Visitor: 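Take a look at the following structure, please.
The structure displayed is predicted, hence computed values, not measured ones. FYI, side chains are in, hydrogens and waters are out, and symmetry mates aren't considered; it's all heavy atoms of this structure. Letters go in sequence order (proteins before strands), and every chain restarts at 1.
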Amino acid sequence: MNLFFTQKKIAGILTVLPSHEQSFDEDMKNFVSSPARSLKLKLVMGYDRHRLAPAHITVSDMAVYGLQHLFAQGLLQADEFDALIVVTQSPDHFIPPTSNLIQGRLKLKRDLFCMDINQGCAGYLIGLFQSFMLLEQPNIHKVVLVAGDVLSHKVSPKDRNSYPLIGDAVSITVIERATEPNEIYANLQMDGSQAEVLMIPAGGFRLPSSPETAILEDDGDNNLRAKDHLRMDGAAVFNFVQLEVPPMINALLQSAGRQAEEVDAFVFHQPNRFMLHKLAEAMQVPKDKMPSNVVENYGNSSCATIPMALTHNFSKDLENRSLTLCLAGFGVGLTWSSMLLSVGPLQFCQQIDFPCEENA
Amino acid sequence: MNQILEILQNIRPEFDFSTSNNYFADGMLDSFDMVLLVNEIEKVYNISIRGLDIIPENFNSLSSIEQLLAKYGVQL
């Protein structure tokens with residue numbers, strides 16, 4: 001499905017990272033496979049360190065901290081936004097929505113459109129789509145999009161497939177109307193028939209958590225995980241991404257009537273460095289135009305990797321000028337989506353740490 | 001061919017790769033080993049293997065690897 005928006009813009013981006021950092025060398029102590037094999041993987045996949053939230057820290061904790069930071073810095077007023085969207089797969093509770101919890105904790109106005117969206121690796125784009133659509137309403141002038149996850153709580157430390165790449169983070173993006181045309185081209189595809197490729201089998205109503213679902217099992221490749229943990233079929237995900245993403249980007253550029261050379265940066269969801277390098281090769285895009293450094297510095301935080309790639313790599317650029325960006329997210333669902341838009345100059349494009357120790 | 005065997009042996013020294021025709025089903029390689037294998041092959045033969053070719057079927061045996069590399073102009 002092709003989507004088109006106009007007279008909307010991103011006004012600011014903040015990424016909130018848990019201060020606790022763990023190195024891949026520490027992770028390796030939990031793996032069954034040999035250290036030599038793990039070290040080779042570290043070099044190829046770009047694993048080095050990741051940010052992990054302690055078990056009691058939730059998405060709403062980091063979102064509230066980030067929003068308070070914006071209020072304190074005068075970058076956002078508590079009463080000036082009319083909608084709060086939270087994209088996450090790790091809500092504080094099944095009931096109520098995390099967006100309502102954030103509203104309550106910050107004593108935001110009652111006249112606020114709160115909404116949770118359960119989406120993963122393409123969730124940032126889906127959150128942007130929803131924000132743009134809400135801005136069509138005459139009474140909605142500004143939207144705050146919170147996109148983040150604390151999925152490390154749901155990954156087995158003995159799972160070499162998933163644990164070294166996972167990271168926790170929350171991003172906050174302010175979206176508002178633009179006076180200029182600011183055309184935004186996008187597309188979106190879904191294939192629920194492959195949903196099991198990325199899944200946490202237990203913990204929902206289909207298979208509630210129990211002592212049985214907490215039992216660690218060997219997947220045959222020396223990865224130990226329980227049904228309560230995230231399960232990823234790495235080979236299937238890799239193949240899906242290589243198959244679907246390059247044609248999706250070609251279709252996006254074609255619908256916008258633009259050439260790849262006109263794009264300043266391809267800011268994609270970041271599962272690992274190897275996958276992104278192969279995408280860049282397939283799309284014949286120079287690797288330096290496609291940042292792949294989020295996983296090695298912070299880990300893959302699902303829907304927060306795209307805003308994090310922006311705050312980590314383009315903070316000064318985006319605060320001072322406009323860039324033509326191609327964004328793409330792909331994964332859980334399966335869902336894949338891309339967007340071509342101009343971003344900047346932004347009011348803010350920052351990263352801050354959430355102090356885990358102080359909040360212990 | 002010996003060079004491929006050497007690469008495989010370096011990745012998983014505990015297995016004899018000359019005796020199997022289905023490395024994945026026999027538990028000798030997993031998806032991450034495949035990534036390491038691709039990385040080594042690309043370095044040794046100075047080629048770039050397309051993402052769409054990085055599937056277990058192309059790395060299941062010495063003959064499947066040989067067929068894949070032939071596509072990239074590498075004769076073993």
Visitor: Got a second to check how far A:F330's CZ is from A:M248's CE, nearest 0.5 Å?
Guide: 7.0 Å
Visitor: If you measure from CE on A:M308 to CZ on A:R51, what distance do you get to the nearest 0.5 Å?
Guide: 9.0 Å
Visitor: Can you say whether B:E42 sits under 4.5 Å from chain A via the side chain, the backbone, both, or neither, judging by heavy atoms?
Guide: side chain
Visitor: Let me know which of A:V295, A:D25, A:N297 forms a side chain to side chain contact (heavy atoms under 4.5 Å, CB included) with A:R49.
Guide: A:N297
Visitor: I need the contact set between residues 20-34 of chain B and chain A: heavy-atom distance under 4.5 Å, sorted by residue number.
Guide: B:D30, B:S31, B:F32, B:D33
Visitor: Please state whether the side chain, the backbone, both or neither of A:N161 comes within less than 4.5 Å of a heavy atom of chain B.
Guide: both
Visitor: List for me each residue that meets ring pair (Phe, Tyr, Trp, His ring centres under 6.0 Å) alongside A:F266, sequence neighbours excluded, and say none if there are none.
Guide: none
Visitor: Using heavy atoms and a sub-4.5 Å threshold, report which of residues 277-286 of chain A line up against chain B, by residue number.
Guide: A:K278, A:E281
Visitor: Write out all pairs satisfying salt bridge (charged side-chain N to carboxylate O under 4.0 Å, His left out) with one or both partners inside residues 226-252 of chain A, taking only residues at least two apart or from two chains.
Guide: A:E217-A:K227
Visitor: Supply the atom-to-atom distance A:D149 CG to A:S302 OG, rounded to the nearest 0.5 angstrom.
Guide: 5.0 Å
Visitor: Answer with side chain, backbone, both or neither: which region of A:M275 has an atom nearer than 4.5 Å to a non-hydrogen atom of chain B?
Guide: neither
Visitor: Could you tell me which portion of B:I54 (side chain, backbone, both or neither) has an atom closer than 4.5 angstrom to a non-hydrogen atom of chain A?
Guide: both
Visitor: Once you round to the nearest 0.5 Å, how far does CG of B:L68 lie from CD1 of B:I41?
Guide: 7.0 Å
